[in-house]
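I have placed the structure first, in the form of structure tokens, so that the comments after it can refer back to it.
Keep in mind the model is a prediction, meaning the values are calculated, not measured. Order of listing sets the numbers, starting from 1, for every ligand and every atom in it. Heavy-atom basis, side chains included; hydrogens, waters and symmetry copies ignored.
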Amino acid sequence: MSNGSTPPEGCAASGPPEGSAASGAPNPQPGEPGPPPRHPAKAEAPGFREPFPAEGLPTVAEARRRILAAAGQPPLAVEELPLAAALGRVLAKPVYAPEDVPAFHRATVDGYAVRSQDLRGIAPGRPVRLQVVGRVLVGRAAAVRVEPGQAVAVPTGGMLPPGADCVVMFEHTTREGSWLLVHRFAGPGDNVIARGEDAAAGLALLTPGRRLGPAELGALAGAGVTRVPVTRPPRVALLLTGDEIVPPERTPAPGQIRDINGVALAAALRQDGAQPLEPVYVPDEPAAFREALRRALQQADLVLISGGSSVGERDLTAQLAAELEPPGVILHGVALKPGKPTLFAMAGRKPVFGLPGNPVSALVVYRLLVRPVVFRWLGLEPPAGPGPRIRARLETALRRPAGREEYVPVALLWRGGEYAARPQPRKSGLITALTGAQGLVHLPMAIDELPAGAEVEVIPW
Ligand SMILES: Nc1nc2c(c(=O)[nH]1)N[C@H]1C(S)=C(S)[C@@H](COP(=O)(O)OP(=O)(O)OC[C@H]3O[C@@H](n4cnc5c(N)ncnc54)[C@H](O)[C@@H]3O)O[C@H]1N2
Ligand code: MOO
């Protein structure tokens with residue numbers, strides 16, 4: 001919720017350097033005189049405090065640590081779902097295989113089931129001769145036993161007949177009437193999936209904290225587990241603050257804009273497996289804001305407030321967060337672009353985020369700081385390591401803003417056998433900076449500039 005500041009050019013690469021942003025000077029387009037400021041800048045507004053210290057704000061890693069430490073481990077609510085409804089959900093309890101999968105030794109090729117001992121004399125030009133004593137039909141129990149010197153024809157997926165310990169491929173044999181000439185050796189277990197090799201009865205098939213994807217659901221089905229215990233998705237309240245914000249379906253009056261963050265954050269939440277509640281539009285008025293926050297805390301497991309996280313006189317998030325039940329505000333301000341004014345509080349055991357109103361900031365902060373909390377509320381095991389990265393070559397140089405690390409949206413283009421990372425506009429008020437982006441390039445505090453042509457690791461978006 002803006003207190004009427006000039007466009008937040010402090011967030012743009014071409015904007016004034018950190019510290020001078022408080023001048024709030026409008027940024028005219030080239031060749032234009034530039035519009036007069038519609039409102040006083042945040043820095044000039046009555047009641048404006050120097051927003052955030054130039055130094056001493058936590059880094060993203062530090063903020064994430066503090067947020068997760070304060071958030072703790074929530075008690076997870078569990079529900080049981082049929083497999084068809086469980087895609088993307090997180091397993092809440094271990095699932096043990098009720099039976100061996102497969103339940104019988106099974107051929108993986110079309111060929112002949114034999115005893116590998118019988119094949120020991122095979123040499124080039126010296127096949128072993130075995131007697132074919134029958135065949136196995138797929139989907140039927142194997143009736144014939146393989147005795148020394150014998151072979152039984154078996155199809156892919158067919159049961160290995162008793163007595164045999166391997167299968168020789170059809171193409172490594174020749175037939176002479178009821179005799180089989182085997183030209184290539186096969187050892188015990190070759191071309192066979194052993195009973196219980198996919199899942200052994202009584203052992204854990206899947207452990208809790210695993211997101212259920214196609215393979216997990218398939219494994220459960222294969223073991224005859226048709227209902228699974230999964231965590232109930234956290235309910236997340238979305239408060240969209242700002243007198244200027246109207247729902248997307250309304251026509252904005254002069255000075256108003258349509259809500260972007262309600263839809264974008266709800267989509268991010270849904271994509272991650274959480275359950276966003278109906279967005280609530282909150283005016284810049286303390287009593288209404290307080291009431292909206294009270295209801296949100298009643299209804300939801302997590303609360304996201306969009307806008308008003310800065311420190312202008314009408315940026316109410318911090319003021320109202322100060323009234324929350326202990327421990328209250330954990331941090332306000334992160335050395336991050338975009339996303340400096342981020343706020344995190346715990347109202348008792350409920351996490352509350354104050355996200356910057358700028359859509360790119362809101363989504364980047366969601367990705368970096370909110371998602372880890374959502375994942376914990378889903379019961380997801382935190383990923384080991386930094387997560388997957390895409391190697392790319394930077395198309396144009398990037399300079400880090402003073403005092404903040406930056407995450408720059410980039411488009412990835414396949415060029416001459418490698419990806420080129422093309423930086424997108426660095427104005428956090430432009431949602432289209434993200435619409436063509438496939439990832440983020442990180443400029444950590446230790447790097448002031450990445451030259452054009454630098455090899456970078458892109459964080460998938
Ligand atoms: N003098 C200073 N002004 C500003 C500073 C600063 O350091 N000194 N920081 C700038 C930065 S960086 C950001 S980010 C914003 C964050 O401000 P708030 O979190 O208080 O957000 P608002 O002022 O409410 O909104 C910012 C911007 O985003 C628009 N907005 C808000 N909600 C939505 C929504 N749901 N959908 C689409 N757009 C939204 C809002 O109208 C503003 O244009 O502060 C800078 N100012
Ligand atoms: O850079 Mo602001 O911090 O756009 O979020």
Exercise for the section: Determine, for Phe344 and Arg64, whether the Lys NZ or Arg CZ falls below 6.0 Å from the six-membered ring centre while staying within 45 degrees of the axis. Expected result: no
Handout entry: Proximal ligand 1 atoms for Ile245, defined as those under 4.0 Å from one of its heavy atoms
Key = 30 (N), 31 (C), 32 (N), 33 (C), 34 (C), 35 (N), 39 (C)
Handout entry: Residue portion contacting ligand 2 (non-hydrogen atoms closer than 4.0 Å) for Arg404
Key = side chain
Exercise for the section: Below 4.0 angstrom from a heavy atom of Glu244, which ligand 1 atoms are there? Numbered from 1 as shown, please. Expected result: 40 (C), 41 (O)
Problem - Ligand-side contact atoms (ligand 1) for residue partner Ser310, heavy atom cut-off under 4.0 Å - result: 17 (O), 18 (P), 19 (O), 20 (O)
Practice task
Would you mind running through ligand 1 and noting each atom that sits below 4.0 Å from a heavy atom of Asp315?
Solution key: 20 (O)
Handout entry: Test of proximity, Ser361 against ligand 1: N or O pairs below 3.5 Å
Key = no
Handout entry: Option whose closest heavy atom lies nearest to atom 29 (C) of ligand 1, chosen from Ala264, Gly357, Gly242
Key = Gly357
Handout entry: Enclosure of Tyr419 OH (heavy-atom neighbours >12, cutoff 6.0 Å)
Key = no
Exercise for the section: Using a strict 4.0 Å threshold on nitrogen-to-oxygen distance, state whether Arg399 and Asp448 make a salt bridge. Expected result: no
Handout entry: Residues Glu197 and Arg106 bridged, charged N to O under 4.0 Å
Key = no
Practice task
Output yes when the distance from some N or O of ligand 1 to some N or O of Asp259 is under 3.5 Å, and no in every other case.
Solution key: yes
Exercise for the section: Would you mind listing which atoms of ligand 2 come within a distance below 4.0 Å of any non-hydrogen atom of Pro341? Expected result: 3 (O)
Fill in the blank from the handout: Candidates Ile257, Val246, Leu238; heavy atom nearest atom 38 (N) of ligand 1 found on Ile257
Handout entry: Passing candidate, side chain to side chain donor-acceptor pair (under 3.5 Å) with Ser306, options Thr317, Asn261, Asn358, Thr241
Key = Asn261
Handout entry: Min N/O separation Gly339 to ligand 2 under 3.5 Å
Key = yes
Problem - Shortest reach to atom 18 (P) of ligand 1 by a heavy atom, considering only Pro341, Gly262, Gly308 - result: Gly308
Handout entry: Pro356-ligand 1 polar pair, N/O distance under 3.5 Å
Key = no
Problem - Proximal ligand 1 atoms for Ser306, defined as those under 4.0 Å from one of its heavy atoms - result: 32 (N), 35 (N)
